[in-house]
Peer 1: 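Please read through the structure below; I'll follow up with questions.
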Amino acid sequence: MSRGLFITLEGVDGAGKSTHIDWMAERFRARGRVVRCTREPGGTPLGERLRALLLNEAMHPDTEALLMFAARREHLVRVIEPALAAGEVVISDRFTDASFAYQCGGRGLPEARLEVLESWVQGALQPDLTLLFDVDHEIAQARRDAVRDPDRFEREDPQFHARVRAAYLRRAERFPERIRRVDANQPVEAVRRQIETLIAPWL
Ligand code: TMP
């Protein structure tokens with residue numbers, strides 16, 4: 001079966017990952033690949049409605065995790081899996097690593113509970129490559145402080161974001177082949193050079 005390429009971008013709020021998506025997509029398009037840029041939570045009409053709830057409504061951490069994975073199931077079935085089956089490059093701004101970082105690391109849910117959802121929703125499917133944009137607490141906090149209308153996650157205290165970052169770094173240690181750390185403290189051009197090196201084998 002022809003299988004495209006699945007790349008995900010991760011990091012704490014304020015890590016600056018979203019700045020690089022269009023540029024990455026162009027790198028693949030320049031090589032003749034069809035690229036689909038998408039995001040989580042979201043990526044489908046229903047997923048975007050769930051996103052609005054997730055980012056704005058107070059809810060129990062279990063509800064939050066379940067809605068994240070409900071949006072993900074819809075995203076996989078309607079967007080990601082068909083695109084991969086057609087041989088496309090899918091670049092998603094966040095995926096399941098975010099659930100382990102935010103809902104387990106940030107909110108304290110047990111990982112075993114999310115592993116059940118992970119296997120239900122995505123089976124064995126994992127990204128081919130995950131870029132973890134890692135940035136010092138102070139820089140990320142300054143960027144979050146500058147957001148004019150912060151969402152429920154951006155409003156969380158620095159300890160929450162420190163737990164999220166630590167959980168991301170633990171996952172990168174656990175899956176070193178897939179999750180590659182990008183030092184996002186550097187200027188945009190230097191960050192791009194790191195990305196270029198990491199995606200080169202896939203171009
Ligand atoms: P964004 O700001 O990168 O668009 O992501 C929206 C927020 O959703 C972000 O603060 C992280 C959060 N999130 C989770 O808590 N769990 C998840 O599984 C995903 C995909 C996002």
Side-chain angles (χ1 to χ4, degrees), residues 6-22 24 37-44 46-80 90-111 113-122 125-127 130-135 137 139-171 175 179 182 184:
F6 185 22
I7 298 179
T8 60
L9 309 187
E10 298 284 357
V12 296
D13 294 274
K17 60 187 165 43
S18 312
T19 314
H20 301 283
I21 289 198
D22 290 343
M24 277 178 65
C37 295
T38 185
R39 70 171 179 182
E40 290 205 354
T44 64
L46 177 58
E48 291 295 326
R49 294 178 73 177
L50 293 172
R51 178 188 176 92
L53 293 172
L54 281 159
L55 266 50
N56 297 299
E57 301 287 330
M59 62 184 76
H60 189 278
D62 285 339
T63 313
E64 188 177 277
L66 289 164
L67 289 180
M68 289 290 178
F69 276 94
R72 182 161 301 133
R73 183 69 190 138
E74 199 69 12
H75 193 204
L76 276 160
V77 170
R78 299 198 186 278
V79 176
I80 298 175
V90 175
I91 305 178
S92 186
D93 190 341
R94 298 194 188 280
F95 191 63
T96 303
D97 293 305
S99 301
F100 283 97
Y102 281 79
Q103 279 65 57
C104 298
R107 305 272 190 232
L109 292 187
E111 290 193 1
R113 202 172 284 174
L114 262 72
E115 279 162 5
V116 172
L117 294 174
E118 179 185 35
S119 108
W120 178 6
V121 164
Q122 65 199 74
L125 180 80
Q126 292 291 341
T130 297
L131 300 181
L132 172 56
F133 289 75
D134 188 46
V135 71
H137 294 304
I139 295 181
Q141 187 62 52
R143 288 185 187 151
R144 286 192 295 271
D145 289 343
V147 174
R148 218 175 311 137
D149 189 16
D151 63 42
R152 225 159 54 79
F153 294 96
E154 289 163 335
R155 281 198 305 269
E156 287 290 342
D157 61 29
Q159 289 76 23
F160 175 89
H161 291 282
R163 291 197 301 277
V164 171
R165 182 187 182 200
Y168 268 132
L169 291 173
R170 279 198 304 278
R171 271 185 90 69
F175 303 106
I179 306 182
V182 173

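Order of appearance sets the numbers: ligands from 1, and atoms from 1 within every ligand. If you read the sequence from its start, that first residue is 1, and numbering goes on from there. Below, each value reflects all heavy atoms present in this structure, side chains not excepted, and no hydrogens, waters or symmetry copies.
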Peer 1: If only atom types and distance count, is the side chain of Arg152 paired as donor or acceptor with the main-chain N or O of Leu54 below 3.5 Å?
Peer 2: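 A pair under 3.5 Å: yes.
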Peer 1: Any donor and acceptor pair, going by atom type alone, linking the side chain of Arg155 with main-chain N or O of Pro150 inside 3.5 Å?
Peer 2: yes
Peer 1: Charged N to carboxylate O under 4.0 angstrom, Glu156 versus Arg163?
Peer 2: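 Salt bridge flag = no for Arg163 with Glu156.
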Peer 1: Closer than 4.0 Å to some heavy atom of Lys17 - which atoms of ligand 1 meet that?
Peer 2: 3 (O)
Peer 1: Quick check on contacts: which atoms of ligand 1 are under 4.0 angstrom from a heavy atom of Pro41?
Peer 2: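 Counting atoms of ligand 1 from 1, those under 4.0 Å from Pro41 are 8 (O), 19 (C), 20 (C), 21 (C).
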Peer 1: Nearest to atom 3 (O) of ligand 1, what protein heavy atom do you find, and at what distance?
Peer 2: Arg94 NE, 2.6 Å
Peer 1: Tell me the protein heavy atom at minimum distance from atom 18 (O) of ligand 1, and give that distance in Å.
Peer 2: Ser99 OG, 2.6 Å
Peer 1: Do we see a donor-acceptor contact under 3.5 Å between the side chains of Ser99 and Arg72?
Peer 2: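 Checked: Ser99/Arg72 side chains pair up, N/O donor to acceptor below 3.5 Å.
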Peer 1: In terms of residue, atom name and distance, what is the protein heavy atom nearest to atom 17 (C) of ligand 1?
Peer 2: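 Looking only at protein heavy atoms, the one closest to atom 17 (C) of ligand 1 is Met68 SD, 3.3 Å.
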Peer 1: Could you label the plane-to-plane angle of the Tyr102 and His161 rings as parallel, tilted or perpendicular, counting under 30° as parallel and over 60° as perpendicular?
Peer 2: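 Perpendicular.
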Peer 1: Within the 4.5 Å heavy-atom criterion, are Arg144 and Val12 side-chain neighbours or not?
Peer 2: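 They are in side-chain contact.
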Peer 1: I'd like to check whether Glu64 has a polar contact with ligand 1, where a contact means an N/O of the residue lying under 3.5 Å from an N/O of the ligand.
Peer 2: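 Among all N and O atoms of Glu64, none is under 3.5 Å from an N or O of ligand 1.
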Peer 1: Considering the heavy atoms of Arg72, write down every atom of ligand 1 situated less than 4.0 Å from one of them.
Peer 2: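 Those qualifying, in numeric order: 18 (O), 20 (C).
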Peer 1: Please report the interatomic distance OG1(Thr44) to CD(Glu74), rounded to the nearest 0.5 Å.
Peer 2: 5.0 Å
Peer 1: Nearest protein heavy-atom contact for atom 2 (O) of ligand 1: which residue, which atom, what distance?
Peer 2: Asp13 OD1, 3.7 Å
Peer 1: Return the closest protein heavy atom for atom 7 (C) of ligand 1 as residue, atom name and distance.
Peer 2: Phe153 CD1, 3.9 Å
Peer 1: For Glu40, counting its heavy atoms only, list the atoms of ligand 1 lying under 4.0 Å from any of them.
Peer 2: 20 (C)
Peer 1: Arg39: heavy atom below 4.0 Å from ligand 1, yes or no?
Peer 2: no
Peer 1: Among protein heavy atoms, which sits nearest to atom 16 (N) of ligand 1, and what does the distance come to when rounded to 0.1 Å?
Peer 2: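 Closest protein heavy atom to atom 16 (N) of ligand 1: Gln103 OE1, 2.8 Å.
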Peer 1: Does some non-hydrogen atom of Arg51 fall short of 4.0 Å from ligand 1?
Peer 2: yes
Peer 1: Please assess Arg171 against Leu132 for the test side-chain contact (heavy atoms from CB on, under 4.5 Å), listing each intermediate value before the final yes or no.
Peer 2: CA-CA 10 Å; Arg171 271 185 90 69; Leu132 172 56; over 6 Å; no
Peer 1: Roughly how far, to the nearest 0.5 Å, is the CG atom of Leu125 from the CD atom of Glu118?
Peer 2: 10.0 Å
Peer 1: Does Glu154 come within less than 4.0 Å of ligand 1, judged by its heavy atoms?
Peer 2: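 Contact check Glu154 vs ligand 1: negative.
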